[in-house]
Amino acid sequence: MTAPLIDPFARAITYLRVSVTDRCDFRCVYCMSEHMEFLPKKELLTLEELDRLCSAFVEMGVEKLRITGGEPLVRRGILTFFKAMSRHLDSGALKELTLTTNGSQLGKYAAELAACGVRRVNVSLDTLDAEKFARITRWGRLPQVLDGIAAAKAAGLKVKINVVALKGVNEDELFRLTEWCAAEGHDLTFIEVMPMGDLGNEDRLDQYWPLSDLRAALATRYRLTELSDRTGGPARYVRLEETGQRIGFITPLTHNFCESCNRVRLTCTGELYMCLGQEDRADLRAPLRGSDENGDLRTAIRAAITRKPKGHDFDYSRQQVSGQMSRHMSHTGG
Ligand code: SAM
Ligand code: SF4
C-alpha cells in the first residue's frame, strides 16, 4: 500500500467511479442523442487495462469502486472484470464493489454479480409507466427492467432506484414510485437533471424540477425526518416516518456537497476527471500503455489529484444554463 491520495483541500480520495463503456442499449433523452456516435473500440481500455488502473487506485487507498457507463453490463466480458475486482474485496483492500445500471441485463447477470461480492446495485428507473418509459429511454422496455430488478432482489442484492426528476414527465408519479419502492424494499433517490449532453434538441431547463419542490410535494403526504447520513457525495437523506423508507436527494446544482467530495471519475478511454462539473482531466492511458511498471501511472494519478478543484460551476439560477458541460453523462459515467 502506498501513500493515500489527498487533494489540495485535504479531502481523501477513496471512491473511484469507472465508466467501462460509452455504449448503451438505451438512448435516454437527457443523456444521449438518438443517433449517438460511439468511440471506436481501439480507443477503449481493455478489461486487463481497466484492471491494472483500478488496482493501482486500490493500492493508493481507494476503498469503493462503482462500475458505470454507458451501460456497464453491455460491455462484452464485463463479468470477468467484476470477478477480477473481487480479489480486492477478498484481500480487504476494497470495501465495496458496486455498479449503476439501467437494469436491462440484470436478469442475466444478477446472480453472478452477487457471486463476485457485489452487495448493492443502483438501478435507474424514472417511471413505472411502460409507455412513458419507452418515451424517456427511447429504446428501453419496462418489463425487462422490472424483471432485472426482481432478479437482483432474488439474488440478495440491495437495490437503490435512481429517479431523475423530470418536470411534466414523472411529477405525477412521485407517490406511485415512492410507494412501489417501499413495498419492494428498495431505497430511492431522486436526482436533479443536469445540464449535460446536447441541449440542441432537448431543453434541460424545461425539464428542471427542483428537488426542493419535489421534497415539498412529498411532505404533503409524509412526515419527513432529516437524516445526518453522509456518503461524501451529493446526496442528502430523509426518512419517511409513515413507511420507514430512506429517501435520497441528489442536487448536483447546489454546492452543498463539494467540500466533502471524496471521488474521481475514470472514463473508458482512461481519462481521469477530478470533478464531474469541470473539463479538466488527466490522461492515464499514456502512462498505462507506456510501461508495464506502474511507476509513471502512479505519478500521473498523484499529479491529477493535486489538480482536483474545490467545486463545480453548474448554475440554473439565472434562468439560463451556465457552466454547462458539452460532454455526455455516458462518457464520464453518472
Ligand atoms: N446506464 C446506467 C444507468 O442508466 O444507470 C449507468 C450510466 S448513467 C449515465 C448513470 C446515471 O446518470 C443514471 O442514473 C442517469 O439517470 C443519470 N443521468 C444521465 N444523464 C443525466 C442528466 N442529464 N442529469 C442527471 N442525471 C443524468
Ligand atoms: Fe444509457 Fe444510462 Fe444514459 Fe440511459 S442514462 S442512455 S441507460 S447510459
Side-chain angles (χ1 to χ4, degrees), residues 17-39 66-75 78 98-106 109 120-127 133-142 144-145 148-149 152 159-167 169-170 177 186-211 214 233-235 248-254 263 265-268 273 276-277 312 314 316 321 323-334:
R17 299 173 73 105
V18 187
S19 173
V20 294
T21 178
D22 62 331
R23 287 165 197 257
C24 187
D25 51 346
F26 292 2
R27 294 288 182 279
C28 302
V29 291
Y30 47 71
C31 179
M32 292 192 181
S33 63
E34 187 146 22
H35 305 287
M36 283 292 283
E37 283 199 22
F38 294 110
L39 294 164
R66 178 176 295 281
I67 311 306
T68 175
E71 174 46 43
L73 297 181
V74 301
R75 170 115 195 215
I78 193 63
T98 183
L99 72 155
T100 300
T101 172
N102 65 24
S104 70
Q105 309 302 312
L106 277 177
Y109 293 134
R120 300 193 299 169
V121 58
N122 288 2
V123 184
S124 307
L125 177 68
D126 303 331
T127 174
F133 186 87
R135 229 183 316 134
I136 296 172
T137 63
R138 293 201 187 98
W139 293 9
R141 294 296 165 258
L142 181 65
Q144 186 180 348
V145 169
I149 293 171
V159 175
K160 179 157 79 74
I161 301 295
N162 281 340
V163 177
V164 175
L166 297 165
K167 193 170 174 172
V169 179
N170 57 10
L177 282 161
H186 304 322
D187 284 334
L188 171 61
T189 290
F190 294 100
I191 307 176
E192 255 171 17
V193 72
M194 284 186 270
M196 320 272 295
D198 51 5
L199 287 173
N201 302 327
E202 303 277 342
D203 188 348
R204 227 58 75 205
L205 199 55
D206 277 355
Q207 298 175 340
Y208 179 46
W209 181 17
L211 292 194
L214 184 153
F249 302 99
I250 299 188
T251 50
L253 305 175
T254 59
R263 61 199 58 194
R265 293 176 157 80
L266 183 69
T267 70
C268 52
Y273 281 87
L276 179 62
H312 60 72
F314 289 143
Y316 279 121
V321 180
Q324 188 202 324
M325 310 295 304
S326 58
R327 68 179 190 266
H328 290 259
M329 197 72 157
S330 53
H331 183 60
T332 355

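Numbers for residues simply follow the sequence, beginning at 1. In listed order, ligands and their atoms are each counted from 1.
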Can you tell me if [X] uses its side chain to pair, donor with acceptor, with the backbone of [Y] under 3.5 Å?
| X | Y | result |
| --- | --- | --- |
| R141 | F133 | no |
| R138 | M32 | yes |
| E71 | N102 | yes |
| T137 | F26 | no |
| D126 | V164 | yes |

Is G69 close enough to touch ligand 2? Criterion: a residue heavy atom under 4.0 Å from a ligand atom.
no
Quick check on contacts: which atoms of ligand 1 are under 4.0 angstrom from a heavy atom of [X]?
| X | result |
| --- | --- |
| V193 | 24 (N), 25 (C) |
| V164 | 16 (O), 26 (N) |
| T68 | 6 (C), 7 (C) |
| E192 | 25 (C) |

Selected option - heavy-atom contact closest to atom 4 (Fe) of ligand 2, from S33, S19, S124, C28:
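Result: the heavy atom closest to atom 4 (Fe) of ligand 2 is in C28.
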Check each of Y208, F26, Y30 against atom 15 (C) of ligand 1 and report the one with the nearest heavy atom.
Y30
Considering distance alone, does some N or O of [X] sit under 3.5 Å from an N or O of ligand 1?
| X | result |
| --- | --- |
| S124 | yes |
| E71 | yes |
| T101 | yes |

Is the distance from atom 3 (Fe) of ligand 2 to the nearest N/O/S atom of C24 under 2.8 Å?
no
Which ligand 2 atoms does G70 reach within 4.0 Å, using its non-hydrogen atoms?
8 (S)
Which ligand 2 atoms does F26 reach within 4.0 Å, using its non-hydrogen atoms?
6 (S), 7 (S)
Would you please classify the geometry between the F249 ring and the F190 ring as parallel, tilted or perpendicular, with 30° and 60° separating the classes?
parallel
List the atom of A152, the atom of L106, and the distance in Å for their closest heavy-atom pair.
CB-CD1, 4.2 Å
Quick check on atom 4 (Fe) of ligand 2: does C31 put an N/O/S atom closer than 2.8 Å to it?
no
For R27, does the CZ atom sit with more than 12 other heavy atoms under 6.0 Å from it, leaving out its own atoms?
yes
Report yes or no: does G70 have a heavy atom closer than 4.0 Å to ligand 1?
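Yes, G70 has a heavy atom closer than 4.0 Å to ligand 1.
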